[in-house]
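Here, residue 1 is the first one in the sequence, and each next residue gets the next number. Quick caveat: nothing in here was measured; it's all calculated off a predicted structure.
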Amino acid sequence: MKKVVVKIGGSLAIDEAKLADFVAAVSKLPAMGCQVAVVHGGGKDINENIALLREQPTFIDGLRVTTPSIMKMVEMTLSGHVNKKLVRMLLCNNVNAIGLSGVDGKLFEVVKKQGKVDLGLVGEVKKVNPKIVEDLWAAGWVPVVSPISFGPDAEGNGVSWNVNADTAASELAVALGADQFVLVSDVPGVMDESKTVIPELTEKAAEDLIASGVINGGMIPKVRESFKSISRGLKSIHIVGWKDAEHFVKQINGELNYGTILG
C-alpha cells in the first residue's frame, strides 16, 4: 500500500464546493491502493472566530502568536468545527473517516517553540507517535488530523499547543515513512518573481527566493519544513493549488505535475 499524507488549509478548508471536490478525490484513493491521512489547518476560520475576541491576529514569519484566549479559540475551531465538518463530508462519501488531534494519544508531543520573540502557546514537535495512525490504517480508517498538540506548560502541566499545520503534517509524514506528502495551498505552487509556478525547486534556490522576498508569509514555513522532511528521508513532497479532483488524483498517481515538487 502506498502511504500518502495530505495537508489542506486556506480557502479549501472553508470553500464548500472545493471541499466537496477534495472529498470526492480522497474517496478514490483507497481503491487505488493508498493509505491516506489528511492533516488540516483552518486559518481563515480561526481569524473569523478570533474576531469575536476583539483581538487582532498577529503573525511572525508565518506563525500565529497564540495567547491563552486565542489558544482556546484555535482548539475549538480546528479540533472541533473544521475537523468534524471534514469527517462528516468524508463519511457522506463512503470514506471510513475518523477525526483526531495531536492531543489524542499524544500523537504530537511538543515543547514551547523558541524564537526571537515569544509566540505564546506555539509548540515545536519533538515526538510523533505514528502507531496511532498505523493502527487506524490497519483497521481500514482514514484519519483526519487537527494539528493541536500535547505538551507541558511552564509549570509542567500537560496543555494544548498550537502547531503550524504544515509542520505537523510533515512531521507525521516523516514518522510514517510516507511515500508521498502533498501540501494543498491557496496558491498553485511555489512561484518565482514573475508569478509563474516553479515545477521543481531545490533547497538552495528556495532560500535565495526567501532572502529576496519572493517567497514570503506562510509559504516560508511551508517550504522550510518541507526541506527538513526531505533531509530526514521523505521521498516526495508536492505543493499544489486546488484545481479539481481529476488533477489531484493524477498528481498522486504521478501522471502529471501541476504544482511544485521539492527535492
Side-chain angles (χ1 to χ4, degrees), residues 2-15 18-19 21-23 25-26 29 34-46 62-64 74 77-79 82-83 85-87 89-90 95 97 99-102 107-108 110 123 125 128 130 132-133 136-137 142-149 162-190 201 217-230 232 234-243 245 247-249 251-252 258-262:
K2 181 179 180 179
K3 300 177 183 178
V4 179
V5 174
V6 181
K7 186 269 172 179
I8 66 168
S11 63
L12 180 57
I14 60 174
D15 186 312
K18 288 182 180 179
L19 198 55
D21 203 30
F22 170 76
V23 165
V26 172
L29 299 182
C34 296
Q35 292 178 310
V36 186
V38 178
V39 181
H40 64 82
K44 294 189 177 181
D45 274 306
I46 293 169
L63 299 174
R64 182 187 300 275
V74 169
T77 304
L78 291 184
S79 299
V82 177
N83 188 271
K85 177 174 73 172
L86 188 51
V87 169
M89 293 180 74
L90 286 164
V95 177
L100 66 157
S101 76
L107 175 60
F108 299 128
V110 307
V125 178
V128 181
I132 300 165
V133 171
L136 290 170
W137 275 348
V142 172
V144 180
V145 183
S146 155
I148 302 303
S149 302
N162 187 18
V163 172
N164 178 273
D166 296 323
T167 302
S170 63
E171 289 289 338
L172 181 61
V174 170
L176 290 167
D179 298 294
Q180 196 168 39
F181 176 37
V182 183
L183 288 146
V184 184
S185 173
D186 275 347
V187 295
V190 182
L201 185 65
M219 187 60 76
I220 294 174
K222 194 186 301 290
V223 168
R224 282 182 169 159
E225 293 300 328
S226 293
F227 279 112
K228 285 181 185 178
S229 301
I230 289 172
R232 294 163 62 200
L234 255 190
K235 300 170 186 175
S236 178
I237 300 182
H238 301 229
I239 298 178
V240 301
W242 185 256
K243 285 194 173 182
H247 277 78
F248 183 77
V249 170
Q251 185 84 25
I252 298 291
Y258 68 95
T260 301
I261 298 177
L262 306 182

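At a threshold of 4.0 Å, the pair Lys2-Asp179 does not count as salt-bridged, since none of the basic side-chain nitrogens sits closer than that to a carboxylate oxygen.
For the residue pair Asn83 and Ser146, the shortest heavy atom distance occurs at ND2-N, 3.7 Å.
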Would Arg232 and Glu171 satisfy salt bridge (Lys or Arg N to Asp or Glu O under 4.0 Å), going step by step from the backbone distance to the final call? CA-CA 10 Å; Arg232 294 163 62 200; Glu171 289 289 338; 3.0 Å; yes
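For the atom pair OG1 (Thr260) and CG (Leu201), the distance works out to 6.5 Å, reported to the nearest 0.5 Å. Expressed to the nearest 0.5 Å, how far CD1 of Ile148 lies from OG of Ser79 amounts to 5.0 Å. The CG atom of Leu12 sits 9.0 Å away from the CG atom of Asp21 when rounded to the nearest 0.5 Å. Between the CG atom of Leu86 and the NE2 atom of His40 there is a distance of 6.5 Å, given to the nearest 0.5 Å.
Between the Lys3 side chain and the Leu176 main chain, a donor and an acceptor come within less than 3.5 Å of each other. No donor-acceptor pair under 3.5 Å is formed between the side chain of Gln180 and the backbone N or O of Ile237. A donor-acceptor contact shorter than 3.5 Å links the side chain of Ser149 to the backbone of Pro147.
With contacts defined as side-chain heavy-atom distances shorter than 4.5 Å, the pair Trp137/Val142 does not qualify.
Classified by interplanar angle (parallel below 30°, tilted 30° to 60°, perpendicular above 60°), the ring pair Phe248/Trp242 is tilted.
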